[in-house]
Each structure stands twice: as structure tokens, then as C-alpha cells.
Amino acid sequence: RALPAALGRALRGRAAGQGSRAVSTSWCPVGTAFDVKQQQQQPLRGGAAGRDTGLFGVPELSCPEGFQEAQDKALQESEQLVQKACSTAPGPETVMIFDQLSDSLCRVADLADFVKVAHPDFAFREAAEEACRNIGTVVEKLNTDVELCQSLRRLLADETVLSSLDPETRRVAELFMFDFEISGIHLDEEKRKKAVELNVRILDLCNEFLIGTHIPNKIDKHVLPEHIRYNFTAEGNYLRIAGLHADCPDDLVREAAYKIFLHSNAQQLARLEELLVSRNSLAQLVGYDTFAHRALQGTMAKNPETVRQFLEKLSEQLSKRTQKDFEMMTKMKMKLNPHNSMLMPWDHPYYSGVLRAERYNIDPGLYCPFFSLGACMEGLNSLFSQLLGISLYAEQTKRGEIWSEDVRKLAVVHETEGLLGYIYCDFFQRPDKPHQDCHFTVRGGRLKENGEYQLPVVVLMLSLPNSARGAPTLLSPGMMENLFHEMGHAMHSMLGRTRYQHVTGTRCATDFAEVPSILMEYFANDYRVVNQFARHYKTGQPLPKNMVSRLCESKKVCAAADMQLQVFYAVLDQIYHGKHPLKKSTTEILKETQEKVYGLPYVPNTAWQLRFSHLVGYGAKYYSYLMSRAVASMVWKQCFAQNPFDRAMGERYRREMLAHGGGKEPMLMVQGMLQKSPSVEDFVDALVSDLDHDFETFIMDS
């Protein structure tokens, strides 16, 4: 999504919180809620007497028109808070008013951000989209409101008042001011107006580009050989290609899908080029050399130079291993298809999978019976209980509160602190629902003016298959790992307990935000953790240890090539958001970078960058996945590898890394956990060492 600055920092983050409440009689064990097909609760809209409670319990949102009402209410409240901020004497109250202002807008915008992509009713999606755009436009105007900024500047200029602020309040004040500055508050009126226009245009371009990344391509069916046409959806005389078909064993199907789905599109190309130019213009207008310099302020990396150094050193370390991986894939392709042995980009995902399956016998069908969704949820519940003193309970929803009858609501409860917040689990496939796994904030946690804590609310969205009636939903190992990953974000949201919602939970630097989720993947791949919940859904037999070991080791097969592909994406992202004007077209840059960094040949007339949806939400920050993985790897090895259930270490993890949200410098949080400040070399070593095979498993399988 587009990322407006200043008060809109919260619009791009997610949530966290704290509260207290006794265990409710309406709660039930978490596993039961997911393995038993429940009766439909209440009608989702209308049907019975009485008014719907509204989505997420927001009264206005019992119908699509309610978004206008909620938006108007938020904008009215924000006007009053702007006036209050401008007339309040410098002090802690100024920061609190700014946070209230941010919260009043985010409570609508964050919720709308989820509804616009996931609600099954088009009218709701359309109303939410309009609310997002309207509030985003208001936010951009507030970003350049000189009088509002002056009220904060007076606070930061008063040394006496500043020295009396606690560290969190001071950091939040500085973050608000920093966001004003990157929006061009220091410019004259004409240039400020230009900055607002650019931001609004960027917001629109991001939405248009994002939609374009998912639109299928069509081709006359007679262009393709008859024997492969059945792999694609027929629409009259045309075939619809909606993806890469990366797992298809037929080389020709994968080749056709790659060339057609990634075929260049003039309209999408124009959107991307305008987006990159607009981002660069905005960055230079407000005083930065490039958009990357602007985007990386406040991150662990801090600047594009560090990112470039990190990616170059990592690529250098991966080089020989990647070459070996490509040689193995080429041999496998020759073995299965002697007439066409040249390794192409559409071959990498397929043949690496074949090698993994052949070497370690990891047919997902052997694992799925051990990973029922209910068992996996109980496993997460058990892990969080031992590590953090947290339990998950399923809670009955009210009429109109959820958007699909298979959504489950979880209460997150600490053993002494009580109710921490809510997680809505939207786990199953349905028509028009995006096929992606992600975490959305609906409401951020914060300390309210009356002393109560505003509980965080988040949504976890997965794309699990619907199970047959009477049978539990069975997860593949990859689905199970994704569930753990997304639940890592949710725990960050629940435990990122901050006074201000502006920095709560995952509202932090992008290259730090992925650490808690990736760390959960390490837990998901540890036999001691898996053994607590993986049971055959029919026999109750535990998953054998050697099967878990083989699964973990199989992930290291061709892992260097997989990581090199991620490096390529990250480098491409840096170039696109680096010095402008770009020396070549985005497609020529893709070709050059692919052949130099990745190593497999560019395919003429394709434009993979036009499907690179992360250019929207992770513009200039795609490297974050790799850097976060490096930190997660170090935290796992140093703190949890010896005992994944160590409560003392779990509490330290909460205290040092989760509790601050974005209220503390990300590198200081890492330093607090690891007791050292890692270097670029440390990051690279951590990633590369994860590729080494476990000797015991290797010998056992040999």
C-alpha cells in the first residue's frame, strides 16, 4: 500500500497493546475452534431483529455507507485535535494530542485498508477504498501544516521541557517531527503544495500499480499446443494465465505461463515509471539525494550505502554455492528432459523442488495428516504459554462483527496481565479473496486519556484450502510455517506495549518488523516444538523425528540459489529507487541486473518488474526480508536454539525486542537482545551459516 508520512506513519504500521480482564466464560480452547466445523453463527448482514454490531464491533460499519459516517467522524475529531495541539503549551500533552490525532485517523484508515482487499461484498470494498484515499489525502495535508508543525517544534526547541520527557515520549515527538520534515514542512508554500500533490499522486499510482500486478493475461488459445491448453482457464477462444504455474512438471507449461504472464504491458510500465519518477521528485523536493535515502531514514540499515554493502557481500559469499545449485538443477533437467537442458528462470522453483523431494523424500502428502489446523493452533498456544505466559482463546462473535462465517476471533490473554488484544483469523480461501498471507492492523494499542488501555486488534489472513465436511483442515509444511510466521507478527502487535499507538507493535522500521515473524519460522522447524503438537489426525501417532529432520534439511537444498534470487530482487529495488534519471528503461535494468546478480538469462519481451508488488509497500526496502532473517537467525542461535521453551529468554525477548514497538531505535533493540551490535559481516555470516547442512541428519540419511 502507499505509505504516507507524518501522522500517517501509523497508517503503514500495525498494532499492539495491554489490558486486564478475567477469563471469559464465552472463550473456548483454540484448537477446537479450528478443527470442528462450527455452525454459522449469526447472519452476517440483516436477517434477524435488532441492529448489527458492525465490522469489528464498530457500530457505523453495519453497512458500506457507514464508512462515510466513520470517516466524517474521524475528520471532525481530527480538526478539533489540530486546534487543540496548536493552542496547547509545549509539554508531554502535545505529544499525546498528536498521538490522539494519529489514532483518530488510523482507526478508520487501518480498518479500511483491510476491508478494501478482503471483504466479500464489493460495496464494502469500494467504500473502504474511498475512505483510504480520502483520509490519505487529509494526512498529506496535515504533513505540511505549518502551524501544526510549529506546535511540535516549540516543544523540541524548549530544552527544559525536552529534558523532562521520558525516552519514549521524546522519541515519539522526534518521529512526528522527522515525518514532517520528510514531507517538506521546511519548504515555501508553493513547494509544500507540490509535495502534497506528489504524495497524493503517488498514493493513486501505488493503488493502480498494485491492482495491475495481479491482473491475468489472455492469449488466443490457438497460439498454444493443444495438449497443454487444459492447464489454463478457458474464456471463449482465449486462455487466461493468472500465474507462473511454477510447480507444474511440464516444462512447456511453465515456459508458456512465464512468457505470457510476465509479458510487458505498456499501461503498467507507464504506471511504474511515473511512480519511480514521482518518488524521486518528492525525495529531491524535500532535500534527499534519492528516494532510497529518504525511505531508509530510521531503519537498521540507515542508508542505501549500507544496504548496497550488505547485498554485495552476501552475493559474494553465495556465488559459489549458487553456481553449484544451478549445476544440480541443470543435471536434473537433463535427466528428465534430455532435449532441452538449458536452465531457465521458470525452471528454478520446479527443479529445486524436485531435488528436495528426491533427496529427502518429503512428499507433502506424508506430512499433512500430522498438521491439522487445530493441532497447529494448539502448538502455537502451548509455545506462547511456555515462552511468554500467553494463552489464545476462541471467542464467540456478535452479528455483523465478521465478514465471513469461517472467520474466528481469538482473545490473547496473559497469565497475570489479563486480556492483551484480539486476533481475527481469516484463514480460508473464498472467491475474490487475495491469495496471500499477511497481517493487518485494525486498531493500534495505546494508553487512553482516561487511563484505560486501548486494546489492539489485528487480522491474520491466510489462503488455506477448505476442508471436506467433517474432516479437519490439513496443512502442508509450508502452510504450517506461514501460520507460525504470521502469528509472529500478531504477537509483536499484542506485546509491543507502548503508550503511543504511533509506535505500537509492528509500527517500527521495516527491516526490524520482519524479525519476530521470521524468528517464528525457526521455532516451526525445531523438532522439540513440532513434537508438542504434530499428531496424525486419525491415529494420534506423533510425527517421527527423522521426518522433521529431513524436512528441515530439505530446505537447504538449492537454498543458496533461492537466497541469490532474493538478493537480485533487493538490488533491483535499490537501483529503481536510486539515482535518477535512470540510465536505462526499467526493463533494460531488469535484464542487466538479472544476468549480473542472479545468473539465469533474461527472457525477451518479459517484464517481471511489472508483477513486483513489493515495490509498493517495500519501495527501497525489499532488502528488509534478508536483513531481518539475519537478525532472527542470530537471536535463534544465541537465545533459543539450546532450549526453545526457555521462559527467562522469552521474557528477555519480550522486554528487549517486542515491548518497544517502534518506540526505540531498532539497532538498540537488537543490541539489547544479542548483547552486541552486529556488523554487516555478522548479518552475512548468519545468513550463509544457515545454508550449512546438519551433519547428523546427513549421515543418518546416507
Side-chain angles (χ1 to χ4, degrees), residues 300-301 307 309-326 328-329 348-349 352-353 355-356 359-360 362 477-478 480-482 484-485 488 511-530 548-571 597-598 622-644 649 653 657 670 673-674 676 678-701:
M300 282 198 293
V307 174
Q309 186 188 11
F310 168 60
L311 295 173
E312 284 175 358
K313 285 181 183 291
L314 179 56
S315 190
E316 193 180 304
Q317 289 291 313
L318 291 173
S319 179
K320 287 182 181 175
R321 292 174 186 249
T322 300
Q323 202 51 47
K324 254 186 174 178
D325 287 352
F326 285 154
M328 285 195 302
M329 287 185 237
H348 176 163
S352 59
L355 284 164
R356 288 184 192 109
R359 188 169 297 183
Y360 289 101
I362 50 148
M480 183 271 284
E481 189 177 280
N482 287 352
F484 271 63
H485 176 103
D511 54 7
F512 180 82
E514 292 296 329
V515 173
S517 53
I518 293 173
L519 180 62
M520 283 300 294
E521 294 176 23
Y522 286 87
F523 284 96
N525 286 290
D526 187 277
Y527 178 70
R528 293 162 295 180
V529 175
V530 174
V548 178
S549 302
R550 289 206 312 271
L551 181 63
C552 294
E553 287 305 293
S554 74
K555 292 174 184 176
K556 296 175 184 177
V557 175
C558 299
D562 294 343
M563 194 177 287
Q564 190 68 53
L565 181 60
Q566 294 301 310
V567 172
F568 157 51
Y569 296 159
V571 170
V597 179
Y598 180 35
Y622 190 81
Y623 77 92
S624 297
Y625 287 108
L626 289 165
M627 195 168 277
S628 288
R629 184 166 292 281
V631 174
S633 173
M634 287 187 271
V635 170
W636 170 259
K637 288 168 191 163
Q638 188 175 315
C639 307
F640 295 109
Q642 194 172 342
N643 177 9
M649 201 56 78
Y653 174 52
M657 295 191 82
V670 174
M673 191 69 195
L674 298 176
K676 65 174 273 191
S679 64
V680 166
E681 288 75 18
D682 291 329
F683 289 149
V684 171
D685 289 345
L687 290 169
V688 174
S689 67
D690 275 353
L691 303 176
D692 295 330
H693 285 277
D694 177 69
F695 189 67
E696 183 185 338
T697 306
F698 180 75
I699 294 296
M700 179 180 70
D701 280 353

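Hydrogens, waters and symmetry mates are skipped; everything else that's a heavy atom, side chains included, is used.
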Applying salt bridge (Lys or Arg N to Asp or Glu O under 4.0 Å) to Lys324 and not counting sequence neighbours gives none
- Message: Less than 4.5 Å apart, side chain to side chain, heavy atoms only: is that true for Glu514 and Met627?
- Response: no
Taken in chain and number order and not counting sequence neighbours, the residues that satisfy side chain to side chain donor-acceptor pair (under 3.5 Å) with Asp325 are none
Applying side-chain contact (heavy atoms from CB on, under 4.5 Å) to Ala632 and not counting sequence neighbours gives Val515, Ile518, Leu519, Tyr522
Here the pair of heavy atoms bringing Leu551 nearest to Pro477 is CD2-CB, 3.7 Å
Asn525 meets the side chain to side chain donor-acceptor pair (under 3.5 Å) criterion, sequence neighbours left out, with Glu481, Lys555
Output for pair (Lys556 NZ, Arg359 CZ), nearest 0.5 Å, gives 13.0 Å
- Item | Flag for Asp682-Ser679: side-chain donor and acceptor within less than 3.5 Å | yes
Side chains of Leu318 and Leu691: closer than 4.5 Å at any heavy-atom pair? yes
Closest non-hydrogen contact found for Met480 with Ala524 is CE-O, 3.5 Å
Applying salt bridge (Lys or Arg N to Asp or Glu O under 4.0 Å) to Asp562 and not counting sequence neighbours gives Arg356
key: Within-4.5 Å side-chain heavy-atom neighbours: Val670 and Met634   = no
Output for pair (Phe484 CZ, Met520 CE), nearest 0.5 Å, gives 5.5 Å
Across all chains, not counting sequence neighbours, the ring-ring contact (aromatic ring centres under 6.0 Å, His included) partners of Phe568 are Tyr598
Heavy-atom closest pair (Cys558 atom, Met329 atom, distance to 0.1 Å) is SG-CE, 3.9 Å
Hits for side chain to side chain donor-acceptor pair (under 3.5 Å) against Ser554, two or more places apart or cross-chain, chain-then-number order -> none
Applied to residues 626-636, the salt bridge (Lys or Arg N to Asp or Glu O under 4.0 Å) test, sequence neighbours excluded, yields Glu521-Arg629
By side-chain contact (heavy atoms from CB on, under 4.5 Å), Asn643 pairs with (sequence neighbours left out) Phe645, Asp646
One should read off an interatomic distance between Ser628 OG and Met300 CE, to the nearest 0.5 angstrom, of 5.0 Å
Sorted by chain and residue number, the side-chain contact (heavy atoms from CB on, under 4.5 Å) partners of Pro516 (sequence neighbours excluded) come out as His492, Tyr653, Leu658
By side chain to side chain donor-acceptor pair (under 3.5 Å), Ser633 pairs with (sequence neighbours left out) Lys637, Asp690
Walk me through whether Met657 and Val631 qualify under side-chain contact (heavy atoms from CB on, under 4.5 Å).
CA-CA 11 Å; Met657 295 191 82; Val631 174; 4.2 Å; yes
Taking every heavy atom of Pro644 against every heavy atom of Val529, the minimum-distance pair comes out as CB-CG2, 3.8 Å
Mind listing the side-chain donor-acceptor pairs of residues 309-317 below 3.5 Å, one per line with the distance, residues two or more places apart or on another chain?
from, atom 1, to, atom 2, distance (Å)
Lys313, NZ, Glu681, OE2, 3.4
Ser315, OG, Gln564, NE2, 2.9

Open item on the list: Within the structure provided, determine whether Tyr527 and Ser549 are in side-chain contact (heavy-atom separation under 4.5 Å).
Closed with: no
Scanning both residues in full, the closest heavy-atom pair of Phe326 with His348 reads CE2-ND1, 4.2 Å
